[in-house]
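Here's the structure we're looking at; comments come further down.
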Amino acid sequence: MTGSTTPVLLYLDVDGPLIPFGAGPYPAGHEGEPDPLLARVDPTLGPKLAALPCELVWATTWTAEANECVAPRLGLPELPVVVWPEPSDEDGRGGIHWKTPALLDHAAGRSFIWVDDEITGADRRYAAAHHPGRALLHRVDPGQGLTEADLGVLRAWLRTG
């Protein structure tokens, strides 16, 4: 945690970090589920994420559906959700992910971690130039999803604050 009493925000993407796209093996999905890939969510990640000294926030195109479909699988409570702006002609300029400016706006100067599988160097440079607080933009391998090694990076960054 940082020296501040305000917790670090931890923005979580779903597809890639929490629903890996690799070959598996994964448990079979259940009939009638909204997305058969939900069976790939590792329930052991929930307690590990909840143990981090952060305020967890969904930063995913699943929006509020993440609270209905993903949070219960992780044993997490309902989390705040980033409300994305309407698409713009500015999206993607300079190689910046369309989520990046919206997350900086949402963070409003607070320190944050963003876990996503689409983060690039352009996003990191943009955050460094436009965000006054500390920020860790951590790219997760979408073939593996969020791993213990990734969590170690987050924990180490939080200790340095």
Side-chain angles (χ1 to χ4, degrees), residues 1-2 4-85 97-108 110-120 123-124 127 131 133-161:
M1 186 114 144
T2 65
S4 169
T5 57
T6 305
V8 171
L9 296 164
L10 174 52
Y11 294 116
L12 291 168
D13 183 34
V14 171
D15 293 318
L18 299 178
I19 298 177
F21 299 126
Y26 300 105
H30 301 289
E31 192 172 321
E33 283 189 314
D35 186 327
L37 295 179
L38 283 168
R40 296 180 176 204
V41 173
D42 178 357
T44 68
L45 288 174
K48 294 172 185 178
L49 290 166
L52 295 172
C54 298
E55 179 181 333
L56 303 178
V57 180
W58 293 122
T60 174
T61 56
W62 283 68
T63 60
E65 196 173 9
N67 280 320
E68 298 165 21
C69 300
V70 182
R73 291 176 179 276
L74 294 169
L76 294 174
E78 185 171 309
L79 302 178
V81 178
V82 174
V83 178
W84 303 114
H97 193 288
W98 62 269
K99 289 182 181 178
T100 306
L103 290 177
L104 269 59
D105 287 346
H106 188 274
R110 285 177 63 180
S111 295
F112 73 89
I113 297 171
W114 175 26
V115 174
D116 203 304
D117 61 314
E118 297 181 341
I119 295 169
T120 67
D123 300 302
R124 290 183 185 96
H131 185 67
R134 293 179 68 231
L136 172 64
L137 282 66
H138 183 73
R139 183 186 180 279
V140 171
D141 178 347
Q144 294 186 5
L146 190 64
T147 65
E148 189 56 43
D150 294 309
L151 291 167
V153 170
L154 306 186
R155 289 183 194 109
W157 186 85
L158 288 162
R159 282 192 302 270
T160 65

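Looking at Asp141 and Asp117, their side chains never come closer than 4.5 Å, going by heavy atoms from C-beta outward. Counting only heavy atoms from C-beta outward, the side chains of Ile113 and Leu9 never approach each other to under 4.5 Å. Within the 4.5 Å cutoff, side-chain heavy atoms of Asn67 are placed close to those of Trp58. Counting heavy atoms from C-beta on, the side chains of Thr160 and Leu158 never come closer than 4.5 Å. For the pair Trp84 and Thr63, the minimum side-chain heavy-atom distance is below 4.5 Å. Between Val8 and Pro53, the closest side-chain pair of non-hydrogen atoms is not below 4.5 Å. Counting heavy atoms from C-beta on, the side chains of Val115 and Asp13 never come closer than 4.5 Å. Using a 4.5 Å heavy-atom threshold, the side chains of Ile19 and Trp62 count as touching.
Scanning both residues, Pro20 and Arg40, for their nearest heavy atoms gives O-NH1, 3.0 Å. Of all heavy-atom pairs between Thr60 and Ala66, the closest is CG2-CB, 4.1 Å. Heavy-atom minimum distance, Thr44 versus Asp42: OG1-OD1, 2.7 Å. Here the closest heavy-atom approach between residue Arg110 and residue His131 is recorded as O-NE2, 2.8 Å. Nearest heavy-atom pair, His97 versus Pro101, reported as atom, atom and distance to 0.1 Å: O-CD, 3.5 Å. Between Cys69 and Leu38 the shortest heavy-atom distance is CB-CD1, 3.9 Å.
Interatomic distance, CG of Leu137 versus CG of Leu103, reported as 8.0 Å (0.5 Å rounding). Going from atom CG of Asp123 over to atom OG1 of Thr100 covers 3.5 Å, rounded to the nearest 0.5 Å. Atom CD of Glu55 and atom CG of Leu10 lie 10.0 Å apart (nearest 0.5 Å). Distance check, rounded to the nearest 0.5 Å: SG of Cys54 to CG of Leu154 gives 7.5 Å.
Under 4.0 Å is where a charged nitrogen must lie from a carboxylate oxygen, and between Glu118 and Arg139 no such pair does. Lys99 has a carboxylate O that lies under 4.0 Å from a charged side-chain N of Asp116, or vice versa, which qualifies the two as a salt bridge. The pair Glu148-Lys48 meets the salt-bridge criterion, since a charged nitrogen lies less than 4.0 angstrom from a carboxylate oxygen.
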### Task
Give the intermediate values and the outcome of side-chain contact (heavy atoms from CB on, under 4.5 Å) for residues Ile119 and Trp114.
CA-CA 9 Å; Ile119 295 169; Trp114 175 26; 3.7 Å; yes

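Outside the 6.0 Å centre-distance limit, the rings of His106 and Phe112 are not counted as a close aromatic pair.
A search for ring-ring contact (aromatic ring centres under 6.0 Å, His included) contacts involving His138 returns nothing, not counting sequence neighbours. In this structure Arg124 satisfies the side-chain hydrogen bond (donor to acceptor under 3.5 Å, both in side chains) test with no other residue, sequence neighbours excluded.
The one candidate from Leu18, Asp150, Thr147 that meets the side-chain contact (heavy atoms from CB on, under 4.5 Å) condition with Val140 is Asp150.
Judged by distance alone, the side chain of Tyr11 and the main-chain N or O of Leu56 form no donor-acceptor pair under 3.5 Å.
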